[in-house]
Structures are given as C-alpha cells and as structure tokens.
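This chain uses plain numbering: 1 for the first residue, then up along the sequence.
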Amino acid sequence: MHRLKLLKELKVWLLGIAAGLIALHISLIWRIEYTDLFGTSILFWIAVSSLIWNKHKTLYLESSVFSSFLGILLIAWVLLKSARIDSYDPFLRLSPFVSALGLGLLASGIKGLKQYWQEIVLLGFLVIPPSLILALIDFTSLTAKFSVFLLWYLGFNVYRQDLNVILPTGIIEIGHGCSGVSAIVQLLGLAFIFLVMFPTKWGEKILVPVVAAVLGFAINAARIVLLAVLSAFSNHEAFNYWHGGDGSLIFSLISVLIFGFFCRFLLLRDEPKQQKSGEV
C-alpha cells in the first residue's frame with residue numbers, strides 16, 4: 001500500500017514537471033514570435049503526450065540515484081538556459097529533447113529509457129534547423145526556377161535572373177525565407193509523427209515523407225507565383241498580406257490540410273486489409 005502511494009505521488013510530480021517544461025518551451029517561443037517553431041512544437045508535444053498517455057499504465061517507474069541525479073541536472077540546465085533567452089536561440093530546438101531525456105532518467109533510469117524511444121526520437125526531430133537543409137540543398141534557386149515555370153505555363157511573359165522572378169511590370173526576389181524550407185520541415189515533422197504513431201508498410205514509410213516534401217515545396221511555389229502576380233499589378237497591400245501577414249499562414253494551413261487528407265486516405269485504405277486479416 002505504501003509503495004502504491006509513493007508511485008502515485010511520483011506520477012503526480014513527473015506530470016507536474018513535464019507540464020511545466022512544456023509550458024515553458026511553448027511560452028518562450030510565443031514570446032519571441034517564432035511562428036514556424038511554435039506550431040510545430042505544439043504538434044510534437046501533443047503527439048508525445050498522446051503516446052505517453054496510451055502506455056502510462058504499463059510504464060516501469062523506478063530510477064537509480066545516479067540516473068535521477070543526471071535527470072535533475074538536465075532539467076536544471078533547461079530551466080537555467082531558458083531563463084536567459086529573450087530572442088531566438090538554437091537551444092529552443094534542443095530543449096524538448098533534453099527535457100525528454102531528463103524526465104525519462106528521472107522516471108525510469110537509464111535502463112528504462114527504451115520505454116520512451118518514440119517520444120525521444122520525435123522530439124529529436126525538432127533539433128534539426130531548417131538552415132541545415134537549406135545548406136544541403138539550394139531550395140531558394142529551385143523555388144525560383146519552379147515558380148518561373150509555373151508562371152510561364154500560366155501564360156505570363158516571365159524570365160529569371162539569378163533569384164529574381166521578373167515580369168514586364170514587376171519583379172520579386174526569392175530570399176531564404178521564401179525558399180519553402182520552413183514549410184517542408186513542418187510537413188516532414190508531421191510525416192514523422194504519422195510514421196511513429198501509426199503502423200505503415202515499408203513503401204509508405206518512403207512515400208509519406210516524399211509526399212510531405214513535394215507538397216511543402218509545391219504549395220510554397222504557388223504562393224511565390226501569387227506574390228509575383230500581385231507585384232506585377234502593383235497591389236502592395238495584398239502583396240504584404242500574402243507575403244508576411246496572415247496570408248502566408250493560410251498557405252501553411254492549406255498544405256497541412258492536404259497532407260492530413262493524404263494520411264487519412266492511407267489509414268482508410270489499410271483498414272479493410274487489417275479487418276480481413278483479423279477475420280482470418
């Protein structure tokens with residue numbers, strides 16, 4: 001009875017610490033107005049919380065003194081580092097991963113970390129900055145070329161000069177912020193969540209991230225086409241809206257919804273097969 005009481009108290013403490021760390025991370029991102037990371041972080045925290053909740057009754061909760069001390073050190077590092085953040089800091093991408101390790105060590109020790117491999121791997125995805133992908137692949141140039149192709153296909157008299165998309169009455173320059181990398185990383189994150197949380201075949205494990213990357217790139221290119229047309233017609237108010245205002249978020253929402261429908265289609269397609277195998 002005494003052991004059950006201690007276990008219940010431990011769960012309450014762990015839940016409180018986890019909730020505090022999540023709230024701290026989200027509030028910091030909200031304060032510095034880093035929109036892309038804010039939305040992605042919320043999705044990942046929801047996914048991780050859902051995974052933990054689904055298996056919370058079967059978790060092994062027993063940690064050694066060394067593991068608990070190491071876990072406390074990691075959590076303390078997150079708290080101390082977070083207290084000094086007043087603008088964008090790469091640590092904001094690392095802190096969820098460190099927090100998950102610290103909580104895992106505090107709850108179940110080094111040996112019990114394997115219970116949380118899904119959650120730790122998911123939060124590890126947040127560590128990858130979009131700038132790393134941009135350094136590996138020149139999406140800025142690809143976006144400029146593809147946007148020019150779309151405008152040409154739509155019948156516009158357009159040509160490209162380096163990263164400039166030029167129409168007879170307007171010109172826009174494709175900067176790193178318009179490369180589509182943020183949109184691609186966001187959808188790849190959703191793809192990663194989907195693959196971790198739902199059973200998929202090997203072919204689908206390849207297809208899902210490919211569709212996410214292509215969709216993010218294509219939707220962003222469509223936004224660039226719209227911006228080029230608005231620039232050509234000298235509609236500055238609409239241009240500013242779709243470039244940096246709520247309009248840019250609408251395109252992000254569209255890409256997320258389309259990708260969500262695609263994932264839902266995969267799940268619905270596999271359901272009849274699973275039911276048949278269960279009947280046999």
| message | Show me the pairs that pass salt bridge (charged side-chain N to carboxylate O under 4.0 Å, His left out) and involve residues 113-131, at least two apart or across chains. | response | Lys55-Glu119
| When the ring centroid of Phe217 is compared with that of Phe146, is the distance short of 6.0 Å? | yes
| request: Flag yes if Val127 and Tyr116 sit in one hydrophobic cluster, no otherwise; membership is Ile, Leu, Val, Met, Phe, Trp, Tyr, and two members link when side-chain heavy atoms are under 4.5 Å apart. | output: yes
| query | Do other residues, nucleotides or ligands put more than 12 heavy atoms under 6.0 Å from Lys111 NZ? | reply | no
| query | Hey, does the side chain of Arg93 reach the backbone of Leu126 with a donor-acceptor pair shorter than 3.5 angstrom? | reply | yes
| request: Please work out whether the ring planes of Phe194 and Phe198 are parallel, tilted or perpendicular, with thresholds of 30° and 60°. | output: tilted
| query | Which class fits the ring pair Phe38 and Trp30: parallel under 30°, tilted 30 to 60°, perpendicular over 60°? | reply | tilted
| message | Donor-acceptor check, side chain of Arg31 to backbone of Ile85, threshold 3.5 angstrom: yes or no? | response | yes
| request: Please determine, by modelled atom types, if Ser68 and Ser63 share a side-chain donor-acceptor pair under 3.5 angstrom. | output: yes
| query | Using a distance-only test with no angle check, is there a side-chain donor-acceptor pair under 3.5 angstrom linking Ser252 and Ser255? | reply | no
| note | Note: Ala100 and Leu123 closest approach over all heavy atoms is CB-CD1, 3.6 Å
| Short side-chain to backbone donor-acceptor contact, His25 and Ser95, under 3.5 Å | no
| message | Looking at Asn54 and Ser50, would you say the former's side chain and the latter's main chain have a donor-acceptor pair under 3.5 Å? | response | yes
| said: Starting from Ile75, can I reach Leu80 by hopping between I/L/V/M/F/W/Y residues whose side chains sit under 4.5 Å apart? | reply: no
| When you measure from the side chain of Ser27 to the backbone N and O of Ala23, does any donor-acceptor pair fall under 3.5 Å? | yes
| query | For Tyr159, what are the other residues in its hydrophobic cluster, where any two members join if their side-chain heavy atoms are less than 4.5 angstrom apart? | reply | Ile166, Ile171
| query | For Leu266, which of Thr200, Val211, Val208 qualifies under side-chain contact (heavy atoms from CB on, under 4.5 Å)? | reply | Val208
| query | Is a side-chain donor or acceptor of Ser99 paired with a backbone partner of Leu21 at a separation under 3.5 angstrom? | reply | no
| Should we count CG of Asp162 as having more than 12 external heavy atoms under 6.0 Å? | no
| said: I'd like to know if the side chain of Ser147 reaches the main chain of Val225, judged simply by a donor and an acceptor atom lying under 3.5 Å from each other, with no hydrogens or angles considered. | reply: no
